Amino acid sequence: MPELPEVETSRRGIAPHIVGETLLYAVVRHPQLRWPVSEEITQLSDEPVISLERRAKYLLLGLRHGWIIIHLGMSGRLRILSEEKAPEKHDHVDLVFSNGKILRYTDPRRFGAWLWETDLTQSRVLRHLGPEPLSDTFNAAWLMQKSATKKIAVKPWIMDNKLVVGVGNIYASESLFQAGIHPDRTASGLTQQESERLVTSIKTVLQRSIEQGGTTLRDFLQSDGKPGYFAQQLNVYGRAGEPCLQCGTLIISGRHAQRSTFWCPHCQH
DNA sequence: ATCCGAACCTGACGGC
DNA sequence: TGCCGTCAGGTTCGGA
């Protein structure tokens, strides 16, 4: 479900309800997610919530002595309940707060994760991540340097977390369209100018999607239950057989690394 | 080192 | 109605 804009949208929606409140306790109904839910989380009680941050597609809930690291996987979702409500089949984790609010985690496919970490720099899942896409350290020079030896197609390459984090399957296709770059292009073959266009496109596509509350394709909802509105601005993703909004040529779909890719054969070279 | 495919899991949908 | 194959917004792991 979630790429970076959807995770950031969730963070912004949830933070005002829980930061500064006290976490009373956690309820873990189904600990078998991607990895077992960390035992420490089950044992937390009366913990002030200091912060709710984001790194890549991970949410980081800051407590006094450590962090709850949350990943939504493919189908995870977080929402705030104002009062107790009977859990349904895929409601695996609740955090209950002093103001009566409940943060409820729902994840049918259970590819998500709830991990405890006292030192984020030691985290197995965070340690090897590349730069944030919206930071200055992700720039054309970095892209060219990292791509120099890479024969991989550019589409799966920009989804590699060691190059840049947060670019998932939707925004990879959208960014390449905006940059006018064909998804099959070899990473090492990008010119300086193309690298600059690609970096700029990734940043603007993600930034615009955050401003729209993310992309709702089937089930993504913001923490208040509203959908994200960026789907209306998708140029290629999910539009195979439909006309390109720029030139009218029919949009093509294919696959890279077992993920579907969409592009315009006329606008992208 | 690099790259690709399989794996984790459930649900929705289309075809027969 | 039911069964089967395919697809789905992510990430890690193992083998070539």
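Throughout, a chain's letter reflects where its sequence line sits, starting with A, and its residues are numbered from 1. Hydrogens, waters and symmetry mates are skipped; everything else that's a heavy atom, side chains included, is used. Since the model is a prediction, treat every value here as computed from it, not as a measurement.
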Practice task
Return no unless some side-chain N or O of A:Ser75 is found under 4.0 Å from OP1 or OP2 of B:dG11.
Solution key: no
Problem - Dot-bracket encoding of pairs in DNA chain B, which uses [ ] for pseudoknotted crossings and | for another strand, Watson-Crick or G-U under 3.5 angstrom - result: .|||||||.|||||||
Exercise for the section: Ignoring backbone atoms, test whether A:Lys150 places a side-chain nitrogen or oxygen under 4.0 Å from the OP1 or OP2 oxygen of B:dC3. Expected result: no
Practice task
Kindly compute the distance separating CZ (A:Arg197) from OG (A:Ser175), expressed to the nearest 0.5 Å.
Solution key: 13.0 Å
Handout entry: Distance-only donor-acceptor test, A:Arg259 side-chain atoms vs C:dA8 base atoms, 3.5 Å
Key = no
Completion exercise
Among the nucleotides C:dT11, C:dA8, B:dT2, whichever has the atom closest to the side chain of A:Thr149 is B:dT2
Exercise for the section: Would you please confirm or rule out a distance under 4.0 Å between OP1 or OP2 of B:dT10 and any side-chain N or O of A:Arg110? Expected result: yes
Practice task
Could you tell me whether A:Ile152 contacts a base, only the sugar-phosphate backbone, or nothing, with contacts defined as non-hydrogen atoms closer than 4.0 Å?
Solution key: sugar-phosphate
Practice task
Say whether A:Ser135 and A:Thr137, considering side chains only, have a donor N or O and an acceptor N or O under 3.5 Å apart.
Solution key: yes
Restricting to nitrogen or oxygen on both sides, can you table the protein-nucleotides 12-14 of chain C pairs closer than 3.5 Å?
unit_1	atom_1	unit_2	atom_2	d
C:dT12	O4'	A:Arg34	NH2	2.7

Practice task
By nearest nucleotide on DNA chain B, pick out whichever of A:Lys151 and A:Gln258 is the more 5' one.
Solution key: A:Lys151
Exercise for the section: Could you verify whether a donor N or O on one side chain and an acceptor N or O on the other, from A:Asn99 and A:His17, lie under 3.5 Å apart? Expected result: no
Handout entry: Side-chain N,O (A:His90) to OP1/OP2 (B:dT10) below 4.0 Å
Key = no
Handout entry: A:Gln178 side chain to A:Glu174 side chain, donor-acceptor N/O pair below 3.5 angstrom
Key = no
Completion exercise
Applied to residues 56-67 of chain A, the side-chain hydrogen bond (donor to acceptor under 3.5 Å, both in side chains) test, sequence neighbours excluded, yields A:Glu47-A:Arg64
Exercise for the section: Describe the nucleic acid contact of A:Lys89 in one word from base, sugar-phosphate, nothing, applying a heavy-atom distance below 4.0 Å. Expected result: sugar-phosphate
Handout entry: A:Arg110 (side chain) donor-acceptor with A:Gln32 (main chain) under 3.5 angstrom
Key = yes
Exercise for the section: Compare the aromatic ring of A:Phe111 with the six-membered base ring of C:dT11 and state whether they stack according to the 5.5 Å and 30° rule. Expected result: no
